[in-house]
Amino acid sequence: MATTISLEHEINPWEAQSARFDFAARKLNLDPNIWKVLNSPSREIIVHFPVVMDDGRIELFTGYRVQHSIARGPGKGGIRYAPDVTLDEVRALASWMTWKCAVVNIPFGGAKGGVICNPKQMSQGELERMTRRYTSEIIEFIGPEKDVPAPDMNTNEQTMAWIMDTYSMHMGHTVTSVVTGKPLNIGGSRGRKEATGRGIKVICDQSLNYLHMPQQGCRVIVQGFGNVGSNAARLLHDAGYKVIGIAEYDGGLFNPAGIDIHQLLEFKDRNGSILGFPNAEAVPSDEVMVSECDILIPAATENVITSRNADRIQARIIVEGANGPTTAVADEILAEKRIFVMPDILANSGGVTASYFEWVQDRMGYFWREADVIERLENIMKDSFDDVVRYAEAHGVNNRIAAYMLAIDRVAFTIKQRGIYA
Ligand code: GLU
């Protein structure tokens, strides 16, 4: 992996993915033919579509759906709404889904979607019309056996309900298993919403155990307090971890004695932000990120740990709740500092694992108790942690490269078994 590259190149998510893929593929001695297949997404859909806004204007939106691989099963992956979505980002996220599903060994390929928009400035009606039109634009490429979307940044249960309804209207009957992350009463799964956070907690527990560090009082800093970060923080807090810092996009909080996450959640519910929370000191987010702690959890978006701040990070362990929070250049700096990194494609896989459970339940028409979801999720996360650290030990590589190697090996094996259709 190169160390002297521009920041622009460093933070391109597709470059970040490719750097790790190439490195792991070389280590694996991957067959050059399979390398060619996995090196680029298998399908990229770009749509430009009109939506009538509340004031009567027509706005033209651009949306993407990228299917990186469908070798191991239907494409799987979220849809994000953001003003700065790019094709390269969606490509990277789609391939991370391929590797993620392979690491936890669930029968899906990898896909991702995105629409360039500013969801915070749109009404519910505008969001609904945009979601339905985007769904109809990509409708022939999605489906329970083809590609199954889910929530990602700025999309949620309601977005999934609209997609499910639009798809069902076209098919002429209700098809719940076309998306996951739906509301409970229309085919959602118990435990799906907090599953990514729950998976992160399992990875924190396992990491401490592996490194012989105590759980009680373990100091945690969480960057991002959305669905993933807030659920991880809450579950860790309840288990006796001490969450000492929260870094949000609009400011941070710090309290060396620990922040009561339940109080903070109530505060955020009431005020719409964590800013002004009385029981912690207001500290700029970039300072919170580099404060001393045992576990740092970047749980928001890409590129928060880069060559600009990696050398100042003072965590013993990093557990990646977001996709792509660490650049490839930063990886090298963290390795020199001997920080134990639990990579995104393992650490945040609890979400898609519970999505797999939702898809199974929808197809069975039989819904599980929350305790069953939690038990099955925890077992998969623990087994996957063991697989990755054992692979790292056996091959003398770090956990991220081990996770990539394990995943690439599984996908390559499937492609060889299936053969190339001619
Ligand atoms: N968007 C989530 C992720 O990046 C969930 C994907 C899914 O459940 O399909 O893993």
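One-based numbering, in listed order, for ligands and for the atoms of each.
Ion pairing of D331 with R20 is present here, as a side-chain N (NZ or NE/NH1/NH2) and a carboxylate O approach within less than 4.0 Å. Checked for salt-bridge contact, K182 and E157 miss the test: no charged N lies under 4.0 Å from a carboxylate O.
Less than 4.0 angstrom separates some heavy atom of G77 from each of these atoms of ligand 1: 9 (O). Residue M97 approaches ligand 1 through these ligand atoms, each under 4.0 Å from one of its heavy atoms: 3 (C), 4 (O), 6 (C), 10 (O). Less than 4.0 angstrom separates some heavy atom of K112 from each of these atoms of ligand 1: 1 (N), 3 (C), 4 (O).
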Table please: side-chain donor-acceptor pairs of residues 371-382 below 3.5 Å, with sequence neighbours left out.
residue	atom	partner	partner atom	Å
D372	OD1	R369	NH2	3.0
D372	OD2	R369	NE	3.3
N379	ND2	E375	O	3.4

Throw together a table of side-chain donor-acceptor distances under 3.5 angstrom for residues 296-306, partners on residues two or more places apart or in other chains.
residue	atom	partner	partner atom	Å
E302	OE2	R80	NH1	2.8
N303	ND2	I11	O	2.7
T306	OG1	R308	N	3.0

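Between the side chains of N209 and D205, no donor N or O sits under 3.5 Å from an acceptor N or O.
Among all protein heavy atoms, the one lying closest to atom 3 (C) of ligand 1 is K100 NZ, 3.3 Å. Here the protein heavy atom with the shortest distance to atom 9 (O) of ligand 1 is K76 NZ, 2.8 Å. Looking from atom 7 (C) of ligand 1 to the surrounding protein, the closest heavy atom is A150 CB, 3.3 Å. With respect to atom 1 (N) of ligand 1, the closest heavy atom belonging to the protein is D152 OD1, 2.8 Å. Here the heavy atom of the protein found nearest to atom 8 (O) of ligand 1 is S355 OG, 2.6 Å.
Distances shorter than 4.0 angstrom occur between a heavy atom of R192 and an atom of ligand 1.
Taking the ring centroids of W99 and H68, they lie under the 6.0 Å cut-off. Residues Y241 and H237 keep their aromatic ring centres 6.0 Å or farther apart.
Proximity of V148 to ligand 1, defined as any heavy-atom pair under 4.0 Å, is not found for any part of the residue.
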Checklist entry - Could you go step by step and tell me if F23 and Y404 meet the ring pair (Phe, Tyr, Trp, His ring centres under 6.0 Å) rule? => result CA-CA 9 Å; F23 190 88; Y404 269 77; 10.0 Å; no
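The shortest N or O to N or O distance between P151 and ligand 1 is below 3.5 Å.
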